[in-house]
Amino acid sequence: MAAPDFWNNRERAQTDVDEVSRLRAVINPFQELEREIDDFEALHQLASEETNDAHRAQAEREVTVEHDRLLHKLEEFELRQFLSGENDRANAFLTIHSGAGGTESCDWADMLLRMYQRWIERSGFKSQIVDLQTGEEVGVKSVTLLVSGEYAYGYLGTERGVHRLVRISPFDANKRRHTSFASVDVVPEIADNAPIEINPADLEIGTFRSGGKGGQNVNKVETAVRILHKPTGIVVACQAERSQGRNRELAMKMLKAKLYQVEEDKKRAELDRQYGEKGEIAWGSQIRSYVFQPYQMVKDHRTGAQTSNVQEVMDGKIDMFIEAKLRGQTAVKGDKSGDEV
């Protein structure tokens with residue numbers, strides 16, 4: 001990077017700068033941890049040599065606090081090492097689709113949207129609603145968020161799959177128990193120079209009026225854009241921006257991201273598992289169950305991670321499920337708890 005001709009080829013130079021940034025993001029926190037551990041050992045040594053009882057007790061409390069802080073920091077550093085995929089540091093497009101069940105499923109998709117928005121806020125990320133299709137009575141049929149922040153895709157990529165809700169329906173006068181489904185799909189926001197070629201002849205582009213609350217253009221000018229990729233049947237839409245040109249640009253980014261993800265899935269021979277299972281948003285394909293009645297439990301069927309604190313989970317505290325998946329935790333075979341309803 002210090003070479004006089006480094007910036008002669010700007011594209012190659014930018015690639016090198018990005019790679020250096022990626023390596024520093026791993027090395028610098030590691031070196032910082034080493035320094036802090038050395039400081040901790042010195043603090044521990046001083047506490048052990050303290051002869052005054054009151055001072056020694058105070059020093060031991062300080063050692064305990066510092067130990068817990070370092071342990072938490074080390075666990076965070078360790079978790080980051082699992083986020084080594086090519087696009088794990090990228091922003092993410094998160095899409096929630098309601099499943100079969102009409103009003104129930106639309107309400108469930110809306111609940112999931114709030115859950116992820118709270119997690120995004122808690123985690124220091126930012127989000128923008130790119131596309132939203134509201135339900136006929138309540139909730140949402142489909143919603144897409146652009147989640148911005150380092151490692152947004154790495155963390156949220158663990159949430160791909162079908163999510164199942166079991167509860168006493170607030171929409172049922174007879175207070176019967178209902179099961180609802182919604183699917184979550186996550187793809188990375190890929191760079192403009194990513195090796196994805198799209199033939200303009202394969203696209204069917206339409207415009208429509210943005211829905212929901214907004215400014216002057218909403219429901220008056222067709223600024224929203226919908227794109228169909230005919231070879232794959234993938235449909236993307238964007239109505240977040242005020243101009244049709246910007247919405248089209250963002251929709252093309254989403255399309256490239258989805259096509260890229262399809263290719264990645266093919267390479268890993270996981271197309272059927274990642275997309276096929278989600279194709280039917282119904283029984284037997286869920287990755288996680290959220291049971292509100294007759295008991296309370298949220299359980300991830302891939303990892304076995306579970307909690308009875310449903311309210312905290314719906315308030316965005318889903319890190320335990322994300323971490324379990326990143327660490328490669330697997331559910332114990334034959335464990336059917338939480339599956340009987």
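Everything quoted here is computed from the prediction, not taken from an experiment.
Taking Ile, Leu, Val, Met, Phe, Trp and Tyr as hydrophobic and joining them when side-chain heavy atoms fall under 4.5 Å apart, one finds Leu46 isolated, its cluster having no other members. Grouped with Phe6 in one hydrophobic cluster are Met1, Trp7, Val17, Val20, the linkage being side-chain heavy-atom contacts under 4.5 Å among Ile, Leu, Val, Met, Phe, Trp and Tyr residues.
Glu76 pairs by the salt bridge (Lys or Arg N to Asp or Glu O under 4.0 Å) definition with nothing, not counting sequence neighbours. With sequence neighbours excluded, the residues forming a side-chain hydrogen bond (donor to acceptor under 3.5 Å, both in side chains) with Tyr155 are Arg80, listed by chain and number. Scored by the salt bridge (Lys or Arg N to Asp or Glu O under 4.0 Å) test, Glu121 finds no partners at all (sequence neighbours excluded). With sequence neighbours excluded, the residues forming a side chain to side chain contact (heavy atoms under 4.5 Å, CB included) with Val310 are Phe292, Gln296, Val298, Met314, listed by chain and number. Partners of Lys73 by salt bridge (Lys or Arg N to Asp or Glu O under 4.0 Å), not counting sequence neighbours, listed by chain and number: Glu32, Glu36. Listed by chain and number, the residues in a side-chain hydrogen bond (donor to acceptor under 3.5 Å, both in side chains) with Ser123 are Trp119 (sequence neighbours excluded). Here Glu241 pairs with Gln128 under the side-chain hydrogen bond (donor to acceptor under 3.5 Å, both in side chains) rule; sequence neighbours left out. Contacts of Glu41 classified as side-chain hydrogen bond (donor to acceptor under 3.5 Å, both in side chains), with partners at least two apart in sequence or in another chain: none. Not counting sequence neighbours, Glu75 has no partner by the salt bridge (Lys or Arg N to Asp or Glu O under 4.0 Å) test.
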What donor-acceptor contacts under 3.5 angstrom involve side-chain atoms of residues 139-150, with partners at least two apart or in another chain?
| from | atom 1 | to | atom 2 | distance (Å) |
| --- | --- | --- | --- | --- |
| Ser142 | OG | His97 | ND1 | 3.3 |
| Thr144 | OG1 | Thr95 | OG1 | 3.0 |
| Glu150 | OE2 | Arg89 | NE | 3.1 |
| Glu150 | OE2 | Arg89 | NH2 | 2.2 |

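Both tests pass for Arg226 against the ring of Phe208: distance under 6.0 Å to the centre and angle within 45° of the axis.
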